[in-house]
Student: 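Pasting a structure here, questions to come.
To find a chain, count down the sequence lines: A is the first, B the second, and so on, and within it residues start at 1.
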Amino acid sequence: MSEITREDIKKVADLAQIAVTDVESDALRKDIEPVLGYFDTLSAIKTDGIEGEGHITRMTNVMRRDRVQEMSDDERIMMMDAVPVSDGDRIVVKGVL
Amino acid sequence: MIKELHEKIKSGDLTSEQIAQAYLKKAHAQQSPDDVNAFITIDDELAIAQAKIVDRAYADGEDVGVLAGIPGAIKDNILMRGVQTTAGSKILEGYIAPYSATVIDKLRDDHAVILGKANLDEFACGSSTEHSAYGVSRNPHDLSRVPGGSSGGSAAAVASGSAVWALGSDTGGSIRQPASFCGITGIKPTYGRVSRYGVIAYGSSLDQVGVLAHNAQDAAIVLSSIAGHDARDATSAQSDGQDYTRFLVGDIAGAKIGMPSEFLGEGLDDEVRAAYVSALEKYKELGAEIVEISLPHTDAALATYYVIALSELSSNLARFDGVRYGSVPEIDKCDSIQDYYKHVRGAGFGDEIKRRLILGTYTLSAGYSDAFYKKAQKVRTLIRKDYEDALEKVDYIFTPTVPETAFKVGENTGDPLKMYLTDIYTVPVNLAGLPALSHPIGSASKDGKKMPIGGQLIGKWFDEEGILNAAHTFESVFVPDFERVGISL
């Protein structure tokens, strides 16, 4: 496996949406490199013609109608209480666009 | 132990409130960073209120069931309405769950008393509880050692006598490994046997809720309460749960127990090996036939597990972005919503979660997902097939639960790969979705202290009753040589 650089870590941290400092990035690189090397041992296993398994129970999807469901005022209040920044019944976020 | 306490409540020797008080007292007394420190939240008021309801029911002549009034602890990644649920993370500090997990509703229906929320590695990621933002829990058998993880608080609470039973979750060994380290019994049911609704997800194709208890009978009682189909969990098995205590007949004569040679190689502690060999001997004396089996892809299981689990983790933890829940961030200091997410997550997640999220994102990222994630899914198929083939020849597979006994606090934190290796015997079971339990089989002398050793019994899909009965039968002839702590009332 090729070497992991500080930039690689920063790029992946960006995808994972985690802010990392240079110091953190170097520590992460040191920790992660041997683990990725260990993961790479999988490449030696023959899997030609083998189907991948995403779920062990092989169930079919459970479907439901896409419709608005009412929730109790109580539950609604508790859910809104958990929101870090709100304005009445609305969740405040930074502009998306 | 649950049955004995139940009889005492029923006969009027003890009230449920007295029992709750005694356990709360013990839990509080041990709640400090240098002590067992099993809980994140202890809720006296709620516990006593629940106990009083049970006492009133008995006073009215009702028999409310064997679990009624028996106090337990809940791993803090399981939602309980009105109670703080942190998942061991700073990012959820102060989060009050607006609804309860199905398992909590089921326990409430059976009038179990819940003392509080037990400590865990952050988002159930760890093997020692050292990755909790709320301090490490300690092994009741030696406070300088870890209780295991990630359900370490749950195991430590039961082993130290501050809860009679506890719920944990097990993604790669998080119930069985701490049960082994703490000298108790822990069962991870078949994937889908117990509802995951209201349980904070780690690896969704691997996670399963289970029980930690003093013995197989207690585990069977609690499992009977929580098992069964749940329409709110799309991966919940269609079959109903049942009264697992009915199957504890105490006889396993004629059962075939598989001994996988791949589990007995390098890295296995000598004392663990000796305890395992002597446990096999006991099973033989009880009339079981020991059969040598092979699980050829065992060596690949750990890498396969971590690739899949961490990929799923990185996807599951994307929802912790400071919008719907999370600690209050400095929103005005962020330039954009992306900046806001990164700031919240960078400050809220601990080092191990960051490590795992980076790894999981890496293994899913363009250019690498074929080599890692998709490859691991294929190897998972091979591992499941190994177990399928083996379980056609034998009824159960028996292995050591962990290659070693509880390690020292701080011993493995600097070496993530070494920490991951403690899960080597437990992870294949989750990959295959099988039920398994760990029960005590002996002890090892470490620094003059007797540290418990566990053996892992793996059963066929949905044969929880089989492994519970086998463990129950084993217990009838096994006298632990380490100290067992309970509360004598």
Side-chain angles (χ1 to χ4, degrees), chain A residues 1 4 8-9 11-21 24 27-29 31-32 34-57 59 61-64 71 74-85 91-97, chain B residues 82 95-96 98-99 191-192 205 231 234-235 237 297 300 303-304 306-307 314 318 321-329 331 334 336-343 345-347 349 354-355 357-359 361-363 365 371-372 374-382 384 416-417 420 431-433:
Chain A
M1 241 183 84
I4 314 283
D8 290 334
I9 296 289
K11 190 178 149 219
V12 179
D14 219 43
L15 291 171
Q17 298 191 309
I18 300 170
V20 290
T21 61
E24 271 183 313
L28 281 163
R29 191 179 58 79
D31 288 342
I32 279 166
V35 180
L36 283 175
Y38 184 68
F39 286 178
D40 210 31
T41 58
L42 290 179
S43 62
I45 297 162
K46 279 208 172 79
T47 52
D48 303 340
I50 303 290
E51 282 283 315
E53 198 139 272
H55 242 275
I56 212 76
T57 40
M59 289 171 168
N61 260 342
V62 177
M63 309 295 276
R64 65 172 167 78
M71 88 171 36
D74 223 29
E75 206 169 329
R76 191 184 182 84
I77 291 166
M78 287 180 90
M79 281 186 141
M80 285 308 293
D81 276 350
V83 171
V85 193
I91 297 171
V92 176
V93 293
K94 278 271 166 194
V96 176
L97 294 172
Chain B
Y95 171 66
I96 307 295
Y99 67 97
Y191 181 80
S205 76
T235 57
H297 295 93
T304 305
Y306 271 97
V307 170
S314 73
D321 56 10
V323 174
R324 283 168 299 160
Y325 25 65
S327 42
V328 180
I331 192 163
C334 306
S336 65
I337 187 130
Q338 277 76 20
D339 193 30
Y340 174 77
Y341 293 152
K342 281 186 204 162
H343 175 80
R345 290 161 66 81
F349 290 137
K354 284 183 193 165
R355 228 176 261 148
L357 288 178
I358 301 278
L359 280 163
T361 306
Y362 191 91
T363 53
S365 62
F372 289 114
K374 287 186 184 152
K375 180 78 180 182
Q377 285 189 314
K378 288 179 184 173
V379 183
R380 183 177 189 177
T381 305
L382 296 173
R384 197 242 313 134
L417 191 54
Y420 298 169
L431 290 169

Student: So what's closer than 4.5 Å to chain B heavy atoms on A:Leu42: side chain, backbone, both or neither?
Tutor: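 A:Leu42 touches chain B through backbone and side-chain heavy atoms alike.
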Student: Name all residues meeting the side-chain hydrogen bond (donor to acceptor under 3.5 Å, both in side chains) criterion together with A:Asp8; count only those two or more places apart in sequence or in a different chain, and write none if there are none.
Tutor: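 Applying side-chain hydrogen bond (donor to acceptor under 3.5 Å, both in side chains) to A:Asp8 gives A:Thr5.
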Student: Identify which of A:Met80, A:Lys11, A:Glu51, A:Arg64 forms the greatest number of heavy-atom pairs closer than 4.5 Å to chain B.
Tutor: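 Going by pairs under 4.5 Å, I would pick A:Glu51.
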Student: For the atom pair OH (B:Tyr362) and CD1 (A:Ile4), what is the distance rounded to the nearest 0.5 Å?
Tutor: 3.5 Å
Student: Quick one: do A:Asp81 and B:Ile96 satisfy side chain to side chain contact (heavy atoms under 4.5 Å, CB included)? Show the steps, please.
Tutor: CA-CA 8 Å; A:Asp81 276 350; B:Ile96 307 295; over 6 Å; no
Student: To the nearest 0.5 Å, how far apart are CD in A:Gln17 and NZ in B:Lys342?
Tutor: 7.5 Å
Student: Pick from B:Leu417, B:Val379, B:Ile358: which one has the most heavy-atom pairs with chain A under 4.5 Å?
Tutor: B:Ile358
Student: Pick from A:Ile32, A:Asp31, A:Val12, A:Leu28: which one makes a side chain to side chain contact (heavy atoms under 4.5 Å, CB included) with B:Leu359?
Tutor: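 Filter result, single survivor: A:Ile32.
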Student: Of all of A:Ile77, A:Asp14, A:Thr41, A:Ile9, which one pairs up most often with chain B through heavy atoms under 4.5 Å apart?
Tutor: A:Asp14
Student: Between atom OH of B:Tyr420 and atom OH of A:Tyr38, what is the distance when rounded to the nearest 0.5 Å?
Tutor: 12.0 Å
Student: Sort out for me which of A:Ile91, A:Leu15, A:Val35, A:Ile45 touches chain B most, counting heavy-atom pairs under 4.5 Å.
Tutor: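 Among the listed options, the one with the most contacts to chain B is A:Ile45.
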Student: If you tally heavy-atom pairs under 4.5 Å against chain A, which of B:Cys334, B:Ala237, B:Ala347 wins?
Tutor: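 Option with the greatest count: B:Cys334.
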Student: Which residues satisfy the ring-ring contact (aromatic ring centres under 6.0 Å, His included) test with B:Tyr341, sequence neighbours excluded?
Tutor: none
Student: Examine whether an atom of A:Thr47 lies under 4.5 Å from a heavy atom of chain B, and if so say whether it belongs to the side chain, the backbone or both; otherwise answer neither.
Tutor: both
Student: Counting N and O atoms only, with roles assigned by atom type, does the side chain of A:Lys94 sit under 3.5 Å from a partner on the main chain of B:Tyr340, one being a donor and the other an acceptor?
Tutor: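 Checked: no pair found.
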